[in-house]
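We count residues from 1, following the sequence as given. Both ligands and their constituent atoms are indexed starting at 1 by order of listing.
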Amino acid sequence: MRGNAVVVGSTNGIGKAIACRLARDGFNIVAVGRDKPGRREELLSHLAACSQSDGARHEFRPCDAFSLAQVKACAEGVASDYAREGIDALVLTQGMATIQGFTPTSEEGNDEKKLTLHLWSRIAMANCLLPALRESKCMRGGPVVLSVLSGGVHGPYAKYKTDPELKNNYSIKAAADFAGFYNDLVLDRMAEKNPSINFVHASPGFVASNWGTEMPTYLRYPIRFMQRFAMSTDKCAGNMVKPILQCADGDIGLSTPDGSHGLFIMREKANSGTLTKGHSDDAIDSAWKATQDVLNRSGMELE
Ligand SMILES: NC(=O)c1ccc[n+]([C@@H]2O[C@H](COP(=O)([O-])OP(=O)(O)OC[C@H]3O[C@@H](n4cnc5c(N)ncnc54)[C@H](OP(=O)(O)O)[C@@H]3O)[C@@H](O)[C@H]2O)c1
């Protein structure tokens, strides 16, 4: 099997370990992430070392996911280049732990640090790649979109009607719940509209990654200390790739929260998780509309 996997946020942490694990299992990797000097060469030689057979085709595509314009350009490039060959897995891990408040992007005016990175950029990427995912040829159980964030562990965001883009009630907790809740809601609607594609929102558990690098020193040191007891990125990646490898063989190995078609929630040991109590058709409609508005402002249409 030689499928194609796009891994966003593959330059570090969980995303880098997932990219390596998928390369080891025979996938060609389209590694997407922020560029810096020497990074492309380092990442591609790392992925080549992860691959266990000759003939793997890995590439690096620079993209700063704080900018929806960059996400759009990158996703459209990948979608066009893989339109016929297809994409078998899309993994979204771009993330950052900060205690920064609402930080609008210069281009779009959306909150960049939490909402663009953890939500809007992920939906934009998945949306642009839907046609290429439908062309997947290597997955007996269908292609997989995997968003690694907070599936099953975040709270609901109650003000989705009155403040649908979290512009007036911003706090660190509200932003974390908002990003997780909207990942559930929007991916669930995408699952409904695209029954041939499997959508998974996962929580990775507590993982010894670079997570926390942007935190102030008084928080970063305790995080680094506690990470001594955390799961390794390799172990986490082994759990996170299970639905992808299982779909390659036939069955995703997860069940949806209500047993019918829809979004899969996955916990850190690759076991099925649950949705929040706030998950409803009304909330899905509202989150879908808000996402449509945000993407429209950047020249994108939700399919
Ligand atoms: N680690 C944990 O314990 C934990 C727990 C729960 C949830 N999570 C979630 O899991 C996901 C992965 O976290 P992690 O632990 O792997 O964190 P990490 O080690 O800090 O890695 C984050 C990745 O996201 C990339 N990224 C950050 N900003 C970006 C941007 N503007 N554009 C493109 N890529 C960007 C980073 O790129 P650079 O290399 O350029 O920095 C890096 O590749 C995150 O969403 C995080 O919230 C992690």
Visitor: Between Ala270 and Leu254, which heavy-atom pair has the shortest distance, and what is it?
Guide: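 Smallest interatomic distance, heavy atoms only, reads O-CD2, 3.6 Å.
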
Visitor: Would you say Val207 and ligand 1 have an N/O pair spaced under 3.5 Å apart?
Guide: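 In this structure, Val207 places an N or O atom under 3.5 Å from an N or O of ligand 1.
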
Visitor: Would you say the side chain of Asn12 lies within less than 4.5 Å of the side chain of Arg39, judging by non-hydrogen atoms?
Guide: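 Yes - at least one pair of side-chain heavy atoms lies under 4.5 Å apart.
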
Visitor: Would you say Gly95 and ligand 1 have an N/O pair spaced under 3.5 Å apart?
Guide: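 Yes, since at least one N or O of Gly95 sits under 3.5 Å from an N or O of ligand 1.
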
Visitor: If you have a sec, work out which protein heavy atom is nearest atom 32 (N) of ligand 1 and how many Å separate them, to one decimal?
Guide: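 Going by distance alone, atom 32 (N) of ligand 1 is nearest to Ala65 N, 2.8 Å.
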
Visitor: Give the residue and atom name of whichever protein heavy atom lies nearest to atom 13 (O) of ligand 1, and the separation in Å to one decimal.
Guide: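 Here the closest protein heavy atom is Ile14 CD1, 4.0 Å.
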
Visitor: Check the orientation of Tyr160 and Phe181. Use parallel for under 30°, tilted for 30 to 60°, and perpendicular for over 60°.
Guide: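 The rings of Tyr160 and Phe181 sit tilted, inter-plane angle from 30° to 60°.
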
Visitor: Mind checking whether Arg39 has a heavy atom under 4.0 Å from ligand 1?
Guide: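 Under 4.0 Å: yes for Arg39.
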
Visitor: Is any side-chain heavy atom of Val186 less than 4.5 Å from a side-chain heavy atom of Trp288?
Guide: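 SC-SC contact between Val186 and Trp288 confirmed.
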
Visitor: Picking from Leu187, Val91, Thr93, Val241, what satisfies side-chain contact (heavy atoms from CB on, under 4.5 Å) with Leu146?
Guide: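 With Leu146 as partner, Leu187, Val91, Thr93, Val241 yield a single side-chain contact (heavy atoms from CB on, under 4.5 Å), made by Val91.
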
Visitor: What is the closest protein heavy atom to atom 18 (P) of ligand 1, and at what distance does it sit?
Guide: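 It is Trp211 N, 3.7 Å.
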
Visitor: At under 4.0 Å between heavy atoms, which part of Thr233 makes contact with ligand 1: side chain, backbone, both or neither?
Guide: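 Under 4.0 Å from ligand 1, Thr233 contributes no heavy atoms.
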
Visitor: Would you say Gly33 and ligand 1 have an N/O pair spaced under 3.5 Å apart?
Guide: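 So ligand 1 has no N or O lying under 3.5 Å from an N or O of Gly33.
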
Visitor: Report yes if some heavy atom in the side chain of Leu245 is under 4.5 Å from a heavy atom in the side chain of Lys242; otherwise report no.
Guide: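 Of all side-chain heavy-atom pairs linking Lys242 with Leu245, none is under 4.5 Å.
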
Visitor: Short list, please: which atoms of ligand 1 are under 4.0 Å from a heavy atom of Gly9?
Guide: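 Counting atoms of ligand 1 from 1, those under 4.0 Å from Gly9 are 23 (C), 43 (O).
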
Visitor: Taking only heavy atoms of Phe206, which atoms of ligand 1 are found under 4.0 Å from at least one of them?
Guide: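 The atoms of ligand 1 under 4.0 Å from a heavy atom of Phe206 are 3 (O).
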
Visitor: Return the residue, atom name and 0.1 Å-rounded distance of the protein heavy atom closest to atom 7 (C) of ligand 1.
Guide: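 That would be Leu149 O, 3.3 Å.
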
Visitor: Looking only at heavy atoms, which two atoms of Cys50 and Ala23 are closest? And how far apart?
Guide: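 That closest heavy-atom pairing would be CB-CB, 4.0 Å.
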
Visitor: Is any side-chain heavy atom of Leu22 closer than 4.5 Å to a side-chain heavy atom of Ile29?
Guide: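 Contact flag for Leu22/Ile29 side chains = yes.
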
Visitor: Heavy atoms, side chains only, cut-off 4.5 Å: are Tyr82 and Val30 in contact?
Guide: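 In contact.
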
Visitor: Which protein heavy atom lies closest to atom 37 (O) of ligand 1, and at what distance to 0.1 Å?
Guide: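 Closest protein heavy atom to atom 37 (O) of ligand 1: Thr11 OG1, 3.1 Å.
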
Visitor: Do you reckon Ile284 sits in the same ILVMFWY cluster as Val200, going by side-chain contacts under 4.5 Å, direct or chained?
Guide: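 Per the 4.5 Å side-chain linkage, Ile284 and Val200 are not co-clustered.
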
Visitor: Side chain, backbone, both or neither: which applies to Cys63 and ligand 1 if a contact is any heavy-atom pair less than 4.0 Å apart?
Guide: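 The answer is the backbone of Cys63.
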
Visitor: Consider side chain to side chain donor-acceptor pair (under 3.5 Å). Of His118, Arg122, Gln94, which one does Ser147 pass it with?
Guide: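 The option that passes is Arg122.
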
Visitor: Note the single closest protein heavy atom to atom 4 (C) of ligand 1, along with its residue, its atom name and the distance in Å.
Guide: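 Atom 4 (C) of ligand 1 sits closest to the protein heavy atom Gly205 O, 3.8 Å.
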
Visitor: Any atoms of ligand 1 less than 4.0 Å from a non-hydrogen atom of Gly13? List them with their elements.
Guide: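 Close to Gly13: 16 (O), 19 (O).
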
Visitor: Between His154 and His201, does the ring centroid distance fall short of 6.0 Å?
Guide: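 Yes, the ring centres sit under 6.0 Å apart.
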
Visitor: Only heavy atoms of Phe66, strictly under 4.0 Å: list the atoms of ligand 1 that pass.
Guide: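 Atoms satisfying the 4.0 Å criterion: 31 (N).
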
Visitor: Which residue and atom name correspond to the protein heavy atom nearest atom 12 (C) of ligand 1, and how close is it?
Guide: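 For this ligand atom, the closest protein heavy atom is Thr93 O, 3.2 Å.
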
Visitor: Need the ligand 1 atom indices (1-based, order shown) with element for anything under 4.0 Å from a heavy-atom of Leu117.
Guide: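 Here the atoms of ligand 1 in question are 28 (N), 29 (C), 30 (C), 31 (N).
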
Visitor: Does ligand 1 come near enough to Ser10 that some N or O of the ligand is less than 3.5 Å from an N or O of the residue?
Guide: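 No, no N or O pair falls under 3.5 Å.
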
Visitor: Among all protein heavy atoms in this structure, tell me which lies nearest to atom 41 (O) of ligand 1, with the distance rounded to 0.1 Å.
Guide: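 Among all protein heavy atoms, the one nearest atom 41 (O) of ligand 1 is Arg34 NH2, 2.9 Å.
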
Visitor: Does the residue Thr213 have a heavy-atom contact with ligand 1, meaning some pair of atoms that are separated by less than 4.0 Å?
Guide: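 Thr213 does not count as a contact of ligand 1 under the 4.0 Å cut-off.
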
Visitor: For ligand 1, which atoms sit closer than 4.0 Å to a heavy atom of Asp64?
Guide: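 Here the atoms of ligand 1 in question are 30 (C), 31 (N), 32 (N).
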
Visitor: Give a yes/no on ligand 1: does Ser150 have at least one heavy atom closer than 4.0 angstrom to it?
Guide: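 False for this residue.
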
Visitor: Drop me the distance from Met139's CE to Ile87's CD1, to the nearest 0.5 angstrom.
Guide: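 The CE atom of Met139 sits 12.0 Å away from the CD1 atom of Ile87.
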
Visitor: With a heavy-atom distance limit of 4.0 Å, tell me whether Arg122 approaches ligand 1 through its side chain, its backbone, both, or neither.
Guide: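 For Arg122, only side-chain atoms sit under 4.0 Å from ligand 1.
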
Visitor: Quick one, Met190 and Asn127 - any side-chain contact, counting heavy atoms below 4.5 Å?
Guide: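 Of all side-chain heavy-atom pairs linking Asn127 with Met190, at least one is under 4.5 Å.
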
Visitor: Would Cys63 and Cys74 count as a disulfide bond (SG atoms under 2.5 Å apart) here? Give the steps.
Guide: CA-CA 6 Å; Cys63 175; Cys74 177; 4.4 Å; no

Visitor: With a 4.0 Å heavy-atom cut-off (strictly under), which part of Met226 contacts ligand 1: side chain, backbone, both or neither?
Guide: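 Neither part.
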
Visitor: Using a strict cut-off of 4.0 Å, indicate which atoms of ligand 1 neighbour a heavy atom of Gln94.
Guide: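 Taking each heavy atom of Gln94 in turn, ligand 1 has 24 (O), 34 (N), 45 (O) under 4.0 Å.
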
